[in-house]
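So the structure is just underneath, and the comments pick up after that.
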Number of protein chains: 2
Amino acid sequence: MKKIRDFQEFVSKGERLYLRHLSVDCVIFGFHDDSLKVLLLKWKDGGHWCLPGGFVKKNEAVDDSATRILKDRTGLDDIFLQQFHAFGDPFRDRNKELLSIQGKSGKWLMERFITIGYYALVEYSKVSPQPDWLSEECKWVDIHKLPKLIYDHQDIVRKALAELRRSLNDHPIGYNLLPEKFTMPELQRLYETVLDKTLDRRNFQKKMLSLKILERLKERKTGGAHKAPYLYRFDKKKYAKAVKQGLRFGF
Amino acid sequence: MKKIRDFQEFVSKGERLYLRHLSVDCVIFGFHDDSLKVLLLKWKDGGHWCLPGGFVKKNEAVDDSATRILKDRTGLDDIFLQQFHAFGDPFRDRNKELLSIQGKSGKWLMERFITIGYYALVEYSKVSPQPDWLSEECKWVDIHKLPKLIYDHQDIVRKALAELRRSLNDHPIGYNLLPEKFTMPELQRLYETVLDKTLDRRNFQKKMLSLKILERLKERKTGGAHKAPYLYRFDKKKYAKAVKQGLRFGF
DNA sequence: TCAAAAGTGTTTCGGATACACCCATGA
DNA sequence: TCATGGGTGTATCCGAAACACTTTTGA
């Protein structure tokens, strides 16, 4: 994306390029240090925190807008992305903070926006967070330690997490949030983090293995004090088959 | 709603009144004659079938738009209404059929539309289907015998049904789709219809009663040949409590 | 050698399933 | 009186939950 230096230029370009009233916001989940993280942006002006977002081009599928925004912020293609809700209250107050950036300037950007929320599951280590031109910073934040967010972005995160949890019944996670090879304890901690409850080690393993979607590899020593856990990998084919059969994956 | 006689007038009025690019479509479910029905409209011009829909007023919450549309088509207030997906492909071809109505006339209505899908659960007998000014007919259609629908409305119905099924895990149905008093066999047939599979009579009853959300009333003879089944009623309080506790309602 | 983490198995319990008998009613 | 549908109860099974012992490893 070309750099746009001037806010006015951005506004007039946006008016040509994008559908009015419509934006996309992404809740990008990553997993690191045994905690669930969300990718946030910090505005240059005012230091407000917000979700990575963007607009829908006049001839672009909304799903593609979300994919584009993700690519811009994370550098990643081919990401697991799920639309989960449209936020359509008229007084989301998109304006207030934006006005503080550049005075008045009305127009396109100052109007009411309906935003379509997507959540994404990404592999933490593969992401190189990139601020957009309005932001000084793009970084991972622990979902339990979120700063104050603009508009209703707090609600959007909450809803995204709720939907992520709900989706666990139909689709096991880990495939998108963990590196290709991972250990059973790592997978368990991911589940525990997302569900916000502890699980029995042995029952977790039994259940996971019973799903027949994991492939066990060799040992793993790497620094970890104590007994070296096995490495596993998702078996993509079996995974898809299991989801298709509509197994229950709940904990 | 005032009658608008002229299409051109409708277009120019709409342009003043509504957000551009944005519509709302409702999949209104009803249950009758042991089958699941959807409320459809048939256009005066061309006879195409479509979902009840409408637009979002410039200062109106999207949820309120859906509520308004429902009120207009069914006469009902206070309906169970659930947003389930935003459909945002750029070539939903809203235009083609509309153009056939009134020649060219471009403008607002001819542009690309993103539509936000809601599904509603209503009590069949309470609905008096009301066509809008573009339609000659508004009526219930068996979900397994849908006519060809405009645009992607077929997909919207499919997705709505899928989401309704998915929601069964968290929220028992019946409360909105059945009359206040109903029999266990009726409730069971509702479940069987929505899930599209048969259930064991005795196990169904046991499970339903175990949820502690039903209140049993007295007998019922009314015409029904054979033994008179009991009548039940949802206990609103216990229902809310059960949902809050996150019970599993799945079959 | 010891604490901490990881591998593996057994017992137990409850909910889901399968199944059978009796009762009420109108044709 | 009988076919049909409705009310109720019991045996069984399987997956979930509870729980213990052994092994590996670095400090």
Side-chain angles (χ1 to χ4, degrees), chain A residues 33-34 165 168-170 172 174 178-179 181-193 195-233 242 245-251, chain B residues 33-35 165 168-170 172 174 178-179 181-193 195 197-233 242 245-251:
Chain A
D33 280 344
D34 291 350
R165 280 182 186 154
L168 283 192
N169 291 323
D170 316 303
L178 293 174
K181 299 173 184 179
F182 53 89
T183 69
M184 194 59 75
E186 281 169 356
L187 183 59
Q188 181 180 343
R189 279 192 288 273
L190 170 59
Y191 268 84
E192 290 181 331
T193 304
L195 294 172
D196 201 24
K197 68 177 178 186
T198 60
L199 300 169
D200 182 89
R201 199 162 54 86
R202 297 149 289 189
N203 293 333
F204 179 83
Q205 163 141 334
K206 240 178 300 174
K207 176 139 183 193
M208 263 300 157
L209 293 179
S210 76
L211 297 174
K212 306 279 187 193
I213 57 177
L214 294 180
E215 176 188 4
R216 184 200 260 193
L217 308 175
K218 306 303 166 207
E219 284 273 339
R220 170 218 206 188
K221 296 194 198 179
T222 49
H226 318 304
K227 187 169 182 178
Y230 284 103
L231 284 172
Y232 291 85
R233 185 192 327 186
Q245 283 180 352
L247 293 182
R248 311 225 41 128
F249 304 96
F251 280 92
Chain B
D33 279 346
D34 291 349
S35 70
R165 281 182 186 153
L168 284 192
N169 292 322
D170 316 304
L178 294 173
K181 299 173 183 182
F182 53 89
T183 68
M184 195 58 76
E186 282 168 356
L187 183 59
Q188 181 180 344
R189 281 192 286 275
L190 170 59
Y191 267 85
E192 290 180 331
T193 305
L195 294 172
K197 68 176 178 188
T198 60
L199 300 169
D200 182 89
R201 197 164 54 88
R202 298 150 288 192
N203 294 332
F204 179 84
Q205 164 143 332
K206 240 178 303 175
K207 176 141 184 189
M208 263 303 159
L209 293 180
S210 77
L211 296 175
K212 309 278 187 192
I213 56 177
L214 294 181
E215 176 189 2
R216 184 200 262 192
L217 307 176
K218 309 300 167 210
E219 287 271 338
R220 170 217 207 191
K221 297 193 200 184
T222 48
H226 317 303
K227 187 170 180 177
Y230 284 102
L231 283 172
Y232 292 85
R233 184 195 324 186
Q245 283 181 353
L247 291 182
R248 312 224 39 128
F249 304 96
F251 280 93

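What you see is a predicted model; the values in this text were computed from it and never measured. In what follows, chains carry the letters A, B, and so on, assigned in the order in which the sequence lines appear, proteins first and then strands, with residues in each chain numbered from 1.
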| note | In whole angstroms, the gap separating P of C:dA6 from CG of A:Leu231 amounts to 12 Å
| note | Separation of C:dA16 atom P from B:Phe249 atom CZ, nearest Å, is 12 Å
| query | For nucleotides 12-22 of chain D, read 5' to 3', which letter fits each nucleotide if B means a protein heavy atom sits under 4.0 Å from the base, S means only the sugar-phosphate is that close, and - means neither? | reply | ----SBBBB--
| query | Does B:Arg216 put a side-chain nitrogen or oxygen below 4.0 Å from OP1 or OP2 of D:dT8? | reply | yes
| field | Side-chain touch B:Leu231/B:Lys218, heavy atoms, less than 4.5 angstrom | value | no
| field | Euclidean distance, atom NZ of residue B:Lys218 to atom P of D:dG7 [Å, nearest integer] | value | 15 Å
| remark: Residue pairs passing the ring pair (Phe, Tyr, Trp, His ring centres under 6.0 Å) test with at least one member in residues 206-231 of chain B, sequence neighbours excluded, are none
| field | Heavy-atom pair of closest approach, residues B:Ile213 and B:Ala242 | value | CG2-CB, 3.8 Å
| note | Shortest non-hydrogen pair, B:Gln205 vs B:Tyr232, comes out as NE2-OH, 4.2 Å
| What is the distance, rounded to the nearest whole Å, between atom CD of B:Gln205 and atom P of D:dG9? | 10 Å
| query | What is the distance from CG of A:Leu187 to P of C:dA6, rounded to the nearest Å? | reply | 13 Å
| Closest nucleotide among C:dA5, C:dT25, D:dG7 to the B:Pro185 side chain | D:dG7
| field | Rounded interatomic separation in angstrom, taking CG from B:Leu199 and P from C:dA18 | value | 11 Å
| message | Are there over 12 heavy-atom neighbours, none belonging to A:Lys207, within less than 6.0 Å of that residue's NZ? | response | yes
| request: Determine the minimum heavy-atom distance between A:Glu192 and A:Leu199, stating which atoms define it. | output: OE2-N, 2.8 Å
| message | Expressed as a whole number of angstroms, how long is the span from B:Phe204:CZ to D:dG9:C1'? | response | 19 Å
| said: Pick the closest DNA chain C nucleotide for A:Met184 and for A:His226 by heavy atoms, then say which residue is nearer the 5' end. | reply: A:His226
| said: Does A:Arg220 reach a base, just sugar-phosphate, or nothing at all? Heavy atoms under 4.0 Å. | reply: nothing
| task | Flag the pair B:Leu211 / B:Phe249 as yes when at least one side-chain heavy-atom distance between them is below 4.5 Å, and no otherwise. | result | yes
